[in-house]
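Here the structure comes first, spelled out in structure tokens, and everything after it is commentary.
Chain letters run A, B, ... following the sequence lines, proteins first, then strands; residues in each count from 1.
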Amino acid sequence: MSGATGGLAAELRGVRVRDGRVERLHGVDVRCPNGRLGFLVGRNGSGRSTVLATLAGLARPYQGRVTVAGRDVTALAAHRRAALGVVLVPARRAVFSTLTVAETLGLSGPPERAVVRFPELSSLFGRRCTELSGGQQQLVALARAVLADPALLLLDEPERGLAPAVAVRLRRLLAERALAGRAVLLTARTLPPWAPDDALVHVLERGRLVWLGEAGELRQG
Amino acid sequence: MADPGLAIDFALAGVAVGAAAALSGVGLVVCYQLTGVLNLAQGGIAVFIAYLLRELVVVRGWPVGWGAVLCLLVVAPGLGMLLQLAVFGPLQRRRAAVGELVVACVGVLVLLIGAVAAIWGTTPLADVPALVPARTVTLPGGHLLRVDAVAQLGAVLVIAVALWAVGRWTGFGVRARAVSADPTLAELAGVNAGRVAAAGWAFGSFAAGLVGVLLAPLVLLDPYGLPLLVMETLAVAVAARLRSLPIAVAVGLALGIGQSELSWLHPAGTLGPLLDAVQSNLFAVALLVAALVPWGFVEGFADQGLLGGGGLPQLGRPPGGGRGRGWAAVACALALLTPLALRAGGVRAVLTVPALALILLSVVLVTGGGGLVSLGQGAFAGLGALAAALLASGRIPAGAALVVTVLGLAAAGLLIGRPVVHRRGLVLALVTFALALGLSRFVFEQPYATAGLTVLRPAFLRGDHAFYAAELAVLGAGALLVAAVRRGRLGRALVAMRDHEAGAWAAGVAVPRVKLLVFGLGASLAGAGGVLLALAGEAFDASVFDPVQGLLWFAAVVVAGVDSAVGAVLAAFALVGLDAATVPGMSAVVVGALAAGAGWLPGGLAGGIRRMVAG
């Protein structure tokens, strides 16, 4: 992975995040190693989405540090982090209502390249994103993110609304990205059965990190 | 009878105003799409640029072309980018609510008008340079065509087509449309939404400046008239639902030409003055109609994105404890009571403070309590003042006039509240501003409604001390009413509605009924304040209830603290006291500066003071 330091694509260290007067994260550490899948596991309200938002630059911690490839980016805006290769796909409504599918994909690269991975998109190029079903919108959002070839891909519940066959392809794609040395961090309520044993799992509870280890360890104990 | 030839002549005469209105609409639409802010400061930018061009060309002798290049292509876009950097960027970064953005716009508007008045004075000027010389050519059939009007129309069409092409065919256009659809998602896709917003402000300011330069030769140039004229062209952007450029161009031209055609009709009898009023205020009528027609999809859009929620959550509950609030209330009560110990002249100077505080208290109830951004409270006050004047002229005792007016205003509030109960956020702000504009133009400023009015205080309130004490009693009753409302069941429903309207519906709150009730109560308070204001000056003055004055009042109470009666009293003292202690207009400049700086001072002045007191 180009530019990475110590094998980490990104890291949160002792991060505290407030939303108004409510503290959402109480000093959380998260690591996103290159070449591995990462999972943020926890119930609703555990702080999974806030961790992703903090990594992507949508939420700014009042304490702690955010680093990307060893560089302190705590004060860096979201679009600058996207330029550094940190791309987030939020859980819902992750497409632009006024753009066509081709224009949306074009924000990240030549739209035709996305067809290699997701051939079903080719027939949708001229349609506005809001005219698509929920699953198709999710597919467009994921395809745009992958097209950007990010160093760190952040996915908030990525399989929501996807057809089972497409979800299987997505898992394969994420595994390939990890093999290629890229980092991927996903959120889930529980650890999915398809998660590889060497995936790094962060278990969150009420805004705190309560367990960190490999998926294999979690399954054993 | 109708003469087709004459109709064509009138249509051609209306093209110049129509083109300027269309350009104004295009500027507002583009600025809103790229920034999420409805540029209510457009009139201020327009008048500033128009004065600057006159200064360069008439006073300093520059050629019109060079002056126009500097004003329209350098100063105006630069001013726009400065606004994004210093005023709206900070607000957008903390996802400010609609009310805060409205207040910031009003602040910029007031500041620019104040700057123009301070630099160039308030005397109307006729020697304004025109971008294109006013020449006419004769068409077949003998119709006269103004070359400058055709040039303006051509410029508007070229600008509109160029904007459409940029949005459709260029990378910047796609990125700008992405920001327009969802700025947060656009940032995640690597688009610099702040830069796009700066471009939006640059274009919006350029368009505003061009509108000012085009309209200035058609009217006398003065710091107050031109901004109002430009603000009336809001109708064009509202009719275009803040998104469609072709509709903006078509409506602008139609209104300009329609206004010219109407000047052709002069019916005799009672309809005459009314039609004259419609003709000269066609844009105000159009704004009222366009704002009241259901917004459908756009309304939902307007309540999301950069516009934030419906009300003023940041301003409603600034951080800080109740300790500061208690001290502030005591200080306000003392300040209000002190004039009773002064000589007659001292009381006279502050006679309007309790009346104004009562009007501002209605903003505390409606906006601070219910989260409803109503820009029409000044108009309710005007209705109150007018009703009191009419009743007093009809020899009804002033005490009875007050009671009748307050009850009548409550009914008027319920009536006017009907069309707004299903609206919120920016749309509600626009509807209430349109209502205020309509009332001002068709009632307060018309001789058929206000000629021959006499307002006299009853004998027992003839003395200033007695009247001031009576004002304090009414203000105290109003403050108690607001406190009781906010503490009771209705208050809890208001908080629920302000924080999450859909959630309030789901929790069983009858949202339309609560909105109507709060509008009715707010109208009563404002009306009572209007009655007192008229009695304090013993006259009905339409200019006091001008819609721009209403905007200034709204901004003042938001800056002072919209969450309690203390804010209303503080704002009233500031509005009256600053002008009395310095020069007229100083309060507007101070309120404008504080309002424009809202992005740097969350919670306004009151929030800042409370944070200091709370340590």
Open item on the list: Suppose a student defines contact as a heavy atom less than 4.5 Å from any heavy atom of chain B. Which residues in residues 108-124 of chain A would they list?
Closed with: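 No residue falls under the 4.5 Å cut-off.
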Do you know which two heavy atoms are closest between [X] and [Y], and how far apart they sit?
{"X": "A/L107", "Y": "B/R175", "value": "CD2-CG, 3.9 Å"}
{"X": "A/A82", "Y": "B/L188", "value": "CB-O, 3.6 Å"}
{"X": "A/F96", "Y": "B/A186", "value": "CE2-N, 3.5 Å"}

Which atoms of [X] come close to chain B, meaning under 4.5 Å heavy atom to heavy atom: side chain ones, backbone ones, both, or neither?
{"X": "A/R81", "result": "neither"}
{"X": "A/V89", "result": "neither"}
{"X": "A/L58", "result": "side chain"}

Step through the shown structure and confirm whether more than 12 heavy atoms of other residues, nucleotides or ligands are within 6.0 Å of [atom1] on [X].
{"X": "A/R206", "atom1": "CZ", "answer": "no"}
{"X": "A/R16", "atom1": "CZ", "answer": "yes"}
{"X": "A/R171", "atom1": "CZ", "answer": "yes"}
{"X": "A/R177", "atom1": "CZ", "answer": "yes"}

So, the side chain of B/R177 versus the backbone of A/L99: is there a donor-acceptor pair under 3.5 Å, distance only?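 No; judged by distance alone, with no hydrogens or angles, the pair does not exist.
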Subject >> Best-contacting candidate, A/A141, A/A56, A/A94, against chain B by heavy atom pairs under 4.5 angstrom >> reply: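 Most pairs with chain B among the choices: A/A94.
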